[in-house]
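Worksheet for the structure shown next.
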Amino acid sequence: MQAPPPCRAHPSCRRSLLPLASAAVEPDVAPLVQRWLQWDRRGASRQRVTQLLEDGSSAQLRELLGSRLEFGTAGLRGKMGPGTARMNAVVVQQTAQGLCVYLEAVAAEQLAAGGIVVGYDGRHGSKEFAALTGAVFASRGHRVALFRRVVPTPFVAAGVAELGAAAGVMVTASHNPKEYNGYKVYWGNGCQIIPPHDAGIAAAIEANLDLWNLEPLLAGDGPYEDDVSTAGLLACPQLSDPWERVSAAYYARLEALGYLPAAEAAETAEAASRRGGASDSGGAGGLSRAAALGALGTPVYTPLHGVGAEPLLQAFRTFSLPEPYIVPSQRLPDPDFPTVVFPNPEEGAGTWAAAFAAASERGARLVLANDPDADRLAVAERSPSGQFRPFTGNEIGALLAHWVWTNFRKRHPEVAPSRCVMLASAVSSKLLGAMAEKEGFVFVETLTGFKWLGNTAMRLEREQGMTVLFAFEEAIGFMLGGMYKDKDGISAASVFAELAAHTYGSGRTLDELLRGLYDRYGFFDYRSGYFITDAAKSRAVFNDLRGGGGFEGRTAVYAKDVAGVGVTSVRDLGTGLDTAQPDGRAVLPWQSGDMMITYGLEGAATLTLRASGTEPKLKYYLEVKGSDAAAAAALADRLVGGLAEELVGLSRHGLKRPATPH
Ligand SMILES: O=P([O-])(O)O[C@H]1O[C@H](COP(=O)(O)O)[C@@H](O)[C@H](O)[C@H]1O
Ligand SMILES: [Mg+2]
């Protein structure tokens with residue numbers, strides 16, 4: 001028998017290609033496998049693919065190799081495993097190569113001046129994927145600022161801004177299950193990439209699939225066989241660790257957002273109500289810092305096995321806040337997230353369990369959690385009777401917006417409210433809009449995802465000279481205007497702790513403060529949830545929502561009612577229709593085929609259905625605005641009850657409800 005041909009993917013590769021002639025796979029699959037095996041030099045990974053080949057598993061091979069991971073809501077994100085549709089060393093190197101070539105073409109000057117920033121979280125594979133990315137750029141002679149320790153995602157956004165880098169890469173899959181990893185890409189403006197750069201990079205990846213020789217930088221006993229050896233990379237003269245510089249700048253910016261000392265002179269509730277303004281103090285007169293911190297006590301914090309603990313402690317020290325009690329079993333980065341089913345602080349009881357137990361034991365009032373890459377913040381409050389009240393992303397957003405607004409106004413009376421802006425994603429509560437209307441600042445809404453919020457904030461600041469105070473999204477993402485243009489769970493946690501200290505010191509609970517905001521700005525009953533799906537099922541659902549039969553080239557037909565509640569308007573960001581606009585066209589950017597439809601409904605209700613860009617979920621977001629809380633709740637209940645089967649067609653399309661109540 002003839003010897004198999006040598007692998008040509010790498011000049012010094014000593015492997016041989018497997019003979020494919022015997023493969024019992026369908027004809028379209030064989031070339032995909034052949035191509036993949038030229039790239040993939042990892043024993044276990046190659047073995048899985050060759051096993052599937054031997055088993056004739058065409059469908060599985062097509063799933064792994066028939067498509068490529070695309071830039072979604074938060075960059076690349078997918079399950080780890082072999083194949084172009086998974087996260088692995090080959091896909092990461094190809095992505096880095098494409099990004100590098102694209103930057104060389106369109107941002108050469110900034111690349112030469114500022115290089116690239118690379119960070120990683122504590123997941124399986126993250127450090128190695130970061131090293132691979134660094135090596136790709138270093139191999140072309142570019143400067144690489146590679147964090148030598150795990151960092152929160154916001155530190156990469158900060159790094160790009162502080163170093164004037166051409167781009168940044170954060171290797172993380174945030175809160176996704178442990179089988180996932182991901183690749184967030186920041187542009188030189190410090191925001192996550194949006195069109196046209198995502199498509200530009202994708203095209204550059206496709207044009208640069210052959211793997212570059214990184215062996216001199218990532219040498220080892222057979223490159224990429226297991227963990228890469230970074231000795232060569234670390235010895236590279238153009239490589240640096242940006243930690244010192246970036247963290248110094250980060251905490252200096254954060255310090256400027258400390259309002260508690262200024263809040264000592266906060267007006268009393270009486271004074272505020274005489275003036276007709278919302279009060280942020282409990283009415284006991286002037287509040288001393290000591291009283292506020294005394295009332296706060298020791299908060300409990302969990303980084304959920306992620307990277308948040310050390311940066312959060314530093315943030316609390318920056319604000320001279322009491323050191324929080326950190327849940328010991330979840331304090332250190334652990335890629336297996338052993339104590340939680342989902343490392344997602346949105347998932348409710350399960351992720352809170354250890355933190356709530358600690359808070360009960362210690363009598364803590366305030367409980368804080370970051371997601372594993374520490375760009376999100378979850379908050380819960382323990383009542384004097386020991387009940388826990390977790391706040392939703394919208395509620396935390398409302399509280400932070402109020403705190404930032406009240407204190408900014410006091411500190412900067414010279415800035416006209418009309419020059420100040422706060423932003424929220426289109427699927428977040430409109431309470432912020434109502435607040436803007438009453439207080440006189442500008443409210444701007446964007447598509448879902450901080451890539452949109454960040455870029456829009458940057459544009460408003462740079463092009464219109466607006467002061468961006470705050471941005472948030474319901475998915476517990478918060479951005480303080482004085483920091484960077486991305487969400488940040490660390491700065492949000494420390495600012496929130498000050499807010500809580502002030503509220504408690506003023507004799508109120510956070511829940512009471514929030515109810516005060518509803519009294520002032522109107523009541524909003526907000527519900528969100530999701531169904532488990534996959535890409536094909538979601539497409540089928542959206543096809544049906546548009547009247548079925550493949551809507552391309554036909555006029556879409558939408559539901560006239562949901563659970564008997566009349567539809568008053570439809571906005572479809574997959575077709576650009578918005579019947580609420582005078583010209584019938586959507587104001588937000590839309591793209592053909594995008595899966596997001598918003599229904600305006602009788603009774604001041606708004607319902608949005610959209611396919612997640614980071615997880616196999618079809619999400620719904622519903623809000624009813626009303627002065628009568630009971631009536632709003634009844635309408636919301638009715639709509640939530642009807643939407644799964646009637647509108648989405650859950651059973652018909654084979655979608656599932658989440659296992660845990662959401
Ligand atoms: O996962 P993270 O913390 O990086 O968060 C990412 O995903 C979230 C969920 O997106 P989707 O609804 O498309 O799944 C987005 O809201 C967020 O802006 C984005 O940065
Ligand atoms: Mg995250």
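Counting starts at 1 for both ligands and their atoms, following the listed order.
Of all protein heavy atoms, the one lying nearest to atom 5 (O) of ligand 1 is Lys487 NZ, 2.8 Å. Atom 10 (O) of ligand 1 has Thr73 CG2, 3.5 Å as its closest protein atom, hydrogens excluded (heavy atom only).
Ligand 1 has an N or O atom lying under 3.5 Å from an N or O atom of Lys619, backbone or side chain. Considering both main-chain and side-chain atoms, Ala475 never comes within under 3.5 Å of ligand 1 through any nitrogen or oxygen pair. Looking at Asp373 next to ligand 1, no N or O pair under 3.5 Å apart turns up. Among the atoms of Thr448, none of the N or O lies under 3.5 angstrom from an N or O of ligand 1.
For Asp371, the N/O/S atom at the shortest distance from the Mg ion (ligand 2) is named OD2. No other N/O/S atom of Asp375 lies as close to the Mg ion (ligand 2) as OD1 does.
Residue Gly613 has at least one heavy-atom neighbour below 4.0 Å for each of these atoms of ligand 1: 11 (P), 13 (O), 14 (O). Ligand-side atoms of ligand 1 in range of Ser174: 1 (O), 2 (P), 3 (O), 4 (O), range being under 4.0 angstrom from any heavy atom. With ligand atoms numbered from 1 in the order given, ligand 1 contributes 4 (O), 20 (O) to contacts under 4.0 Å with heavy atoms of Lys184. Atoms of ligand 1 found under 4.0 Å from any heavy atom of Asp371, numbered from 1 in the order shown, are 3 (O). Within ligand 1, counting atoms from 1 as listed, the ones closer than 4.0 Å to a heavy atom of His175 are 1 (O), 3 (O).
The angle that Asp373 OD1 and Ser174 OG make at the Mg ion (ligand 2), rounded to 10°, works out to 90°.
With Phe441 as reference, Leu432 is the one residue of Thr467, Leu432, Val421 to meet the side chain to side chain contact (heavy atoms under 4.5 Å, CB included) rule. Remark: of the listed residues Tyr620, Tyr621, Tyr530, Tyr621 is the sole one forming a side-chain hydrogen bond (donor to acceptor under 3.5 Å, both in side chains) with Arg610.
Only the side chain of Ala74 comes within contact range of ligand 1, with a heavy atom under 4.0 Å; no backbone atom does. Of the heavy atoms in Lys617, none comes closer than 4.0 Å to ligand 1. Of all the heavy atoms of Asp375, the ones lying under 4.0 Å from any atom of ligand 1 belong exclusively to the side chain.
Proximity of Arg610 to ligand 1 is established by a heavy-atom distance of less than 4.0 Å. By the 4.0 Å heavy-atom criterion, Arg77 is counted among the residues contacting ligand 1. Heavy-atom distances between Lys451 and ligand 1 stay at or above 4.0 Å for every pair.
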Verdict with supporting geometry, Phe316 and Tyr301, side chain to side chain contact (heavy atoms under 4.5 Å, CB included): CA-CA 11 Å; Phe316 270 50; Tyr301 166 73; over 6 Å; no

